Amino acid sequence: MDVIKYAVFTEKSIRLLGNNQYTSNVESGSTRTEIKHWVELFFGVKVIAMNSHRLQGKGRRMGPIMGHTMHYRRMIITLQPGYSIPPLIEKRT
């Protein structure tokens, strides 16, 4: 369960649910094959395709020093018709 951080619920991700595509943020060091294997094993579904992109961390200022939050990766997982994933409830901290 450490691979997937939390599900993403934006306008686009809610629209993609109609196409049987699920969006979630994952660990930035994990690969597509790791995530595909983990999703199929844990949820018992069949993954057709996976799209991913890496998002930059947001800038944070701490006094005169400019820092940033950690980078993360967002995955869009497409399942075969007839399969579904129960929603991941909350963002873990």
Side-chain angles (χ1 to χ4, degrees):
M1 191 65 179
D2 293 335
V3 178
I4 294 181
K5 291 183 179 180
Y6 53 90
V8 176
F9 295 106
T10 60
E11 291 180 15
K12 181 179 179 179
S13 66
I14 292 172
R15 188 176 65 241
L16 290 175
L17 286 173
N19 298 334
N20 212 17
Q21 294 179 324
Y22 295 85
T23 308
S24 61
N25 287 345
V26 298
E27 291 291 329
S28 61
S30 55
T31 62
R32 288 180 177 203
T33 54
E34 289 175 351
I35 295 169
K36 179 180 179 180
H37 177 71
W38 187 86
V39 167
E40 288 179 344
L41 185 68
F42 188 77
F43 291 112
V45 296
K46 182 65 178 165
V47 176
I48 295 175
M50 298 185 69
N51 298 343
S52 68
H53 56 279
R54 186 170 160 265
L55 300 164
Q56 294 290 334
K58 295 181 179 179
R60 296 286 185 248
R61 181 173 298 282
M62 293 168 267
I65 300 170
M66 186 66 179
H68 61 84
T69 59
M70 297 296 291
H71 307 297
Y72 58 96
R73 176 173 289 183
R74 183 167 289 170
M75 299 291 291
I76 300 174
I77 302 166
T78 305
L79 303 180
Q80 272 189 349
Y83 288 100
S84 65
I85 295 177
L88 301 174
I89 303 300
E90 290 183 11
K91 177 179 175 179
R92 295 185 326 173
T93 56

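Quantities reported herein were computed from a predicted structural model and do not represent experimental measurements. Numbers for residues simply follow the sequence, beginning at 1.
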Tell me whether Val8 shares a hydrophobic cluster with Ile85, the cluster being built from Ile, Leu, Val, Met, Phe, Trp, Tyr side chains joined at under 4.5 Å.
no
Is there a continuous path of hydrophobic side-chain contacts, each under 4.5 Å between heavy atoms, that joins Met75 to Val47?
yes
Ile76 reachable from Phe9 in the ILVMFWY side-chain graph, under 4.5 Å edges
no
Nearest 0.5 Å, please: how far is OH in Tyr83 from CD1 in Ile48?
10.0 Å
Which donor-acceptor pairs under 3.5 Å do the side chains of residues 60-69 make with protein atoms, sequence neighbours left out?
unit_1: Thr69; atom_1: OG1; unit_2: Lys58; atom_2: N; d: 2.8
unit_1: Thr69; atom_1: OG1; unit_2: Lys58; atom_2: O; d: 3.4

Looking at side-chain heavy atoms only, is the closest gap between Thr23 and Thr10 below 4.5 Å?
no
Pairwise distance OH(Tyr72) to NE2(His53) - rounded to 0.5 angstrom:
8.0 Å
Under 4.5 Å between any side-chain heavy atoms of Asn19 and Thr78, yes or no?
no
How would you list, by chain and number, every residue that makes a side-chain hydrogen bond (donor to acceptor under 3.5 Å, both in side chains) with Asn25, sequence neighbours excluded?
Tyr6, Arg74
Let's go through Leu17 and Tyr22 carefully: what are the C-alpha distance in whole Å and the side-chain angles of both, what is the deciding distance for side chain to side chain contact (heavy atoms under 4.5 Å, CB included) to 0.1 Å, and is it a yes or a no?
CA-CA 6 Å; Leu17 286 173; Tyr22 295 85; 3.5 Å; yes
Can you tell me how far apart CG (Leu16) and CG (Asn51) are? Round to the nearest 0.5 Å.
9.5 Å
I'd like to know whether CD of Gln80 has more than 12 heavy-atom contacts from other residues, nucleotides or ligands below 6.0 angstrom.
yes
How long is the straight-line distance from CD of Gln21 back to NZ of Lys12, given to the nearest 0.5 Å?
9.0 Å
For residues 28-36, run the donor-acceptor check on the side chains, cut-off 3.5 Å, and write out each pair with its distance to 0.1 Å, sequence neighbours left out.
unit_1: Ser30; atom_1: OG; unit_2: Glu27; atom_2: O; d: 2.7
unit_1: Thr31; atom_1: OG1; unit_2: Thr33; atom_2: OG1; d: 3.3
unit_1: Thr31; atom_1: OG1; unit_2: Glu34; atom_2: N; d: 3.4
unit_1: Arg32; atom_1: NH1; unit_2: Met50; atom_2: O; d: 3.2
unit_1: Glu34; atom_1: OE1; unit_2: Thr31; atom_2: N; d: 3.2

